[in-house]
Amino acid sequence: FMTARSALSWNLSEEPFITYFNLGNGTFFNLNGKREYASQWYNIGMQDYLPTWRWWFADKLLGNNAADVPASGLDANFTWDDAWFGGSSLRLSGSTADEYLHLFKTKYALANGDKVTFRYKLAKGSADVNLLLSAEGQETLPVEMKVLDKTTAADEEEWVEKTFTVGEELAGKTLALIALRVKDAADLNLLLGELSVVRGDAA
């Protein structure tokens, strides 16, 4: 055994962290959620950074015992049905009262003003969804950012962008974990199209 580690650790001033959950292949190619190409394609060079854990669900943050895994809860999988960019996205589906999905282990030094973007499509169902970021040494004390409210109506056509600015809670700290917390989910079908941490005007 070894401690979880990650290659996601470069200087955000030189290169942003961006993933569209694109696997580098598909039966279509979307650009900003619009169909630009309608045939099969494959380009492994375009595969994005993919989640560190597939799939780490627990009913508490960093829960790593069998007892922490809900007997029946959410499911996650890559889907080629829709995409914000490329030919695939990440689907989160099912029903749960309160559950965490751990996505990325990182080691980014955050600065005041960094932009965190989460893009999704609520195709079906409802849920309260928060994006969680926690720092090294404070992994169990995440900063929670509301990305979806359970009163939001599902819309199979609309990609929704939520952008947050890194402030004093995380500035000057090292980002260790990116996760989602899903509460009161009912028949959820949520597509994740983008997750990014960008400094300045990176292309």
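The shortest side-chain heavy-atom distance between Leu12 and Val197 falls under the 4.5 Å cut-off. Side-chain contact between Lys115 and Thr165 is present, with heavy atoms from C-beta onward closer than 4.5 Å.
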(request) Show your reasoning for whether side-chain hydrogen bond (donor to acceptor under 3.5 Å, both in side chains) applies to Arg181 and Asn130. (result) CA-CA 5 Å; Arg181 184 178 186 181; Asn130 285 5; over 6 Å; no
(request) Applying side chain to side chain contact (heavy atoms under 4.5 Å, CB included), run through Trp159 and Leu191 and close with a yes or a no. (result) CA-CA 9 Å; Trp159 286 98; Leu191 302 181; 4.0 Å; yes
(request) Tell me, with the steps shown, if Thr174 and Tyr108 meet side chain to side chain contact (heavy atoms under 4.5 Å, CB included). (result) CA-CA 5 Å; Thr174 299; Tyr108 292 121; 5.9 Å; no
(message) Apply ring-ring contact (aromatic ring centres under 6.0 Å, His included) to residues Phe28 and Trp41 and explain how you reach the verdict.
(response) CA-CA 7 Å; Phe28 59 84; Trp41 65 279; 8.7 Å; no
(request) Report the C-alpha separation of Gln47 and Asn22 in whole Å, then their side-chain angles, then the decisive distance to 0.1 Å, and conclude whether the side chain to side chain contact (heavy atoms under 4.5 Å, CB included) test is met. (result) CA-CA 6 Å; Gln47 185 177 96; Asn22 171 38; 5.9 Å; no
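Taking the six-membered ring where the residue is Trp, the centroids of Tyr20 and Phe85 are separated by under 6.0 Å.
Using a 4.0 Å cut-off between a side-chain N of Lys or Arg and a carboxylate O of Asp or Glu, Arg91 and Asp75 do not qualify as a salt bridge. A salt bridge links Asp128 with Lys146: at least one charged nitrogen is closer than 4.0 Å to a carboxylate oxygen.
For Asp114, the side chain to side chain donor-acceptor pair (under 3.5 Å) partners are Arg199, not counting sequence neighbours. Among residues two or more places apart in sequence or in another chain, the side-chain contact (heavy atoms from CB on, under 4.5 Å) test is passed with Glu169 by Val143. Evaluation of the side-chain contact (heavy atoms from CB on, under 4.5 Å) rule for Trp80 yields Leu23, Asn25, Ser88 as partners, not counting sequence neighbours. For Glu15, the side chain to side chain donor-acceptor pair (under 3.5 Å) partners are Tyr49, not counting sequence neighbours.
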Donor-acceptor contacts under 3.5 Å from residues 116-124 side chains, at least two apart:
| residue | atom | partner | partner atom | Å |
| --- | --- | --- | --- | --- |
| Thr117 | OG1 | Thr163 | OG1 | 3.3 |
| Arg119 | NE | Glu194 | OE1 | 2.9 |
| Arg119 | NH1 | Glu161 | OE1 | 3.2 |
| Arg119 | NH2 | Glu161 | OE1 | 2.8 |
| Arg119 | NH2 | Glu194 | OE1 | 3.0 |
| Tyr120 | OH | Val147 | O | 3.2 |
| Lys121 | NZ | Asp82 | OD2 | 2.6 |
| Lys121 | NZ | Glu156 | O | 3.0 |
| Lys124 | NZ | Asp187 | OD2 | 3.4 |

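The aromatic rings of Phe21 and Phe104 sit tilted relative to each other, their planes meeting at an angle between 30° and 60°.
For Glu168, the CD atom is loosely surrounded, since the number of other residues' heavy atoms within 6.0 Å does not exceed 12.
The hydrophobic cluster containing Tyr100 also includes Trp53, Trp56, Leu61, Leu62, Leu132, Leu177, under a criterion of side-chain heavy atoms closer than 4.5 Å among ILVMFWY residues, counted directly or through chains of members.
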